[in-house]
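Labels below follow one simple rule: chain letters A, B, ... track the order of the sequence lines, proteins then strands, and each chain is numbered from 1.
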Number of protein chains: 2
Amino acid sequence: MPEEHHPDHAPLELERFLPYRLSILSNAVSQAIADDYQRRFDLSMTEWRVMAVLARFDGLSAREVAERTLMDKVAVSRALAKLVEAGWVTRATHDGDKRRSVLGLSEAGWAVHEVVAPMARQHERNLLARLDEEERTWLVRILDKLQAMEPK
Amino acid sequence: MPEEHHPDHAPLELERFLPYRLSILSNAVSQAIADDYQRRFDLSMTEWRVMAVLARFDGLSAREVAERTLMDKVAVSRALAKLVEAGWVTRATHDGDKRRSVLGLSEAGWAVHEVVAPMARQHERNLLARLDEEERTWLVRILDKLQAMEPK
DNA sequence: ACGTTATAGTTACATATGAAACCACTTGCA
DNA sequence: TGCAAGTGGTTTCATATGTAACTATAACGT
């Protein structure tokens with residue numbers, strides 16, 4: 001009743017088109033955070049994601065990092081090259097499988113993490129602060145449902 | 001009370017971190033749509049967005065297209081070069097201001113639009129079909145609030 | 001009028017990203 | 001064993017994207 005019925009081929013109104021809105025919002029949010037730690041540490045978003053999973057799961061291989069970050073293995077390989085070079089990530093070879101690497105944060109890497117993780121959390125809090133408790137609950141629920149199958 | 005309190009510097013759980021979740025979801029959704037029309041028309045996402053706004057607003061200048069798509073002017077310039085070349089967009093010079101271009105969809109451009117717009121709408125419907133009516137209402141409301149200031 | 005400043009759009013360059021080819025090592029199986 | 005097929009990871013190449021510089025035109029102030 002209240003819905004207008006556009007014919008299916010009518011021009012899209014981008015600003016109401018859900019995929020577009022998600023994209024704009026997501027980019028704005030991620031970019032705001034990334035700007036922050038890029039300025040301080042010359043750390044790209046992909047690099048930070050790698051560090052974040054290594055903080056949680058020590059000793060992963062590159063492939064496992066790729067799985068957990070949903071990045072492809074080339075991106076991970078490149079991020080690792082930079083992170084190892086910077087001295088933030090340690091890389092050893094797996095005993096018994098010389099192909100595999102065994103990765104972890106170095107002391108210096110943990111130090112970076114100690115700064116960036118709270119930064120990221122703060123951004124998330126600022127974002128969520130725009131919503132009330134009820135909205136936050138729905139948001140999580142909605143994201144769960146939307147993501148239920150989407151990731152491939 | 002129900003919330004676990006992680007110290008602020010504890011390792012981030014990416015899969016629960018809102019900006020990350022938004023990014024993953026948004027990329028999955030946009031990519032699924034883009035794959036679709038890229039295969040059929042060799043049309044990039046930025047190019048499609050330009051066509052979508054020209055379908056709604058005929059005669060815009062490149063700068064106005066950039067404003068409406070939230071893309072930067074270089075991206076728009078490149079997209080337009082391709083679209084004009086492909087014969088989907090017409091470009092004339094503004095009377096009385098030779099800097100400005102006057103853009104619009106050509107016949108062929110409209111034909112592409114007639115195929116792609118319904119495609120995009122269908123993807124959106126599929127996505128929203130995972131939610132019930134109440135959730136859809138909240139989602140729109142939440143997006144409105146989150147976007148209220150975020151875009152710069 | 002005339003120079004300064006601003007604007008529309010393109011070009012150039014440097015960096016990021018993705019796909020495929022590649023190398024080294026392991027595994028499975030004859 | 002030994003060799004075909006698979007896996008972890010890196011390199012290469014082609015394309016995409018962002019920033020800054022540049023060109024042409026217009027607007028403004030004197």
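For the pair B/Arg121/A/Leu12, a side-chain contact is recorded, criterion being any heavy-atom separation below 4.5 Å from C-beta on. Put simply, the side chain of B/Leu18 reaches to within 4.5 Å of the side chain of A/Leu143, judged on heavy atoms. Taking 4.5 Å as the limit, every side-chain heavy atom of B/Gln122 sits out of range of all side-chain heavy atoms of B/Met119.
Within residues 42-61 of chain B, the residues that have a heavy atom under 4.0 Å from DNA chain C are, in order of number, B/Ser61. For DNA chain D, the neighbouring residues in residues 74-102 of chain B, judged by any heavy atom under 4.0 Å, are B/Val74, B/Arg78, B/Gly96, B/Asp97, B/Lys98, B/Arg99.
The pair B/Arg136-B/Glu133 meets the salt-bridge criterion, with a side-chain N (NZ, NE, NH1 or NH2) lying under 4.0 Å from an Asp/Glu carboxylate O. By the 4.0 Å N-to-carboxylate-O rule, B/Arg56 lies close enough to A/Glu15 to be salt-bridged with it.
Checking A/Asp72 against B/Glu64, the closest nucleotide of DNA chain C that is more toward the 5' end is the one next to B/Glu64.
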Would you tabulate the side-chain donor-acceptor contacts of residues 43-53 of chain A under 3.5 Å, counting partners in other chains and residues two or more places apart, or write 'none'?
unit_1  : atom_1 : unit_2  : atom_2 : d
A/Ser44 : OG     : A/Thr46 : OG1    : 3.1
A/Ser44 : OG     : A/Glu47 : N      : 3.2
A/Ser44 : OG     : A/Glu47 : OE1    : 3.4
A/Ser44 : OG     : A/Glu47 : OE2    : 3.4
A/Glu47 : OE1    : A/Ser44 : N      : 2.9
A/Glu47 : OE1    : A/Lys82 : NZ     : 3.2
A/Arg49 : NH2    : B/Ser23 : OG     : 3.2

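Under 3.5 Å, the side chains of A/Gln38 and A/Asp42 contain no donor-acceptor pair of N or O atoms. No hydrogens or angles considered: a donor-acceptor pair under 3.5 Å links the side chains of B/Ser61 and B/Glu64.
Rounded to an integer number of Å, the gap from A/Arg63 CZ to C/dC25 P is 19 Å.
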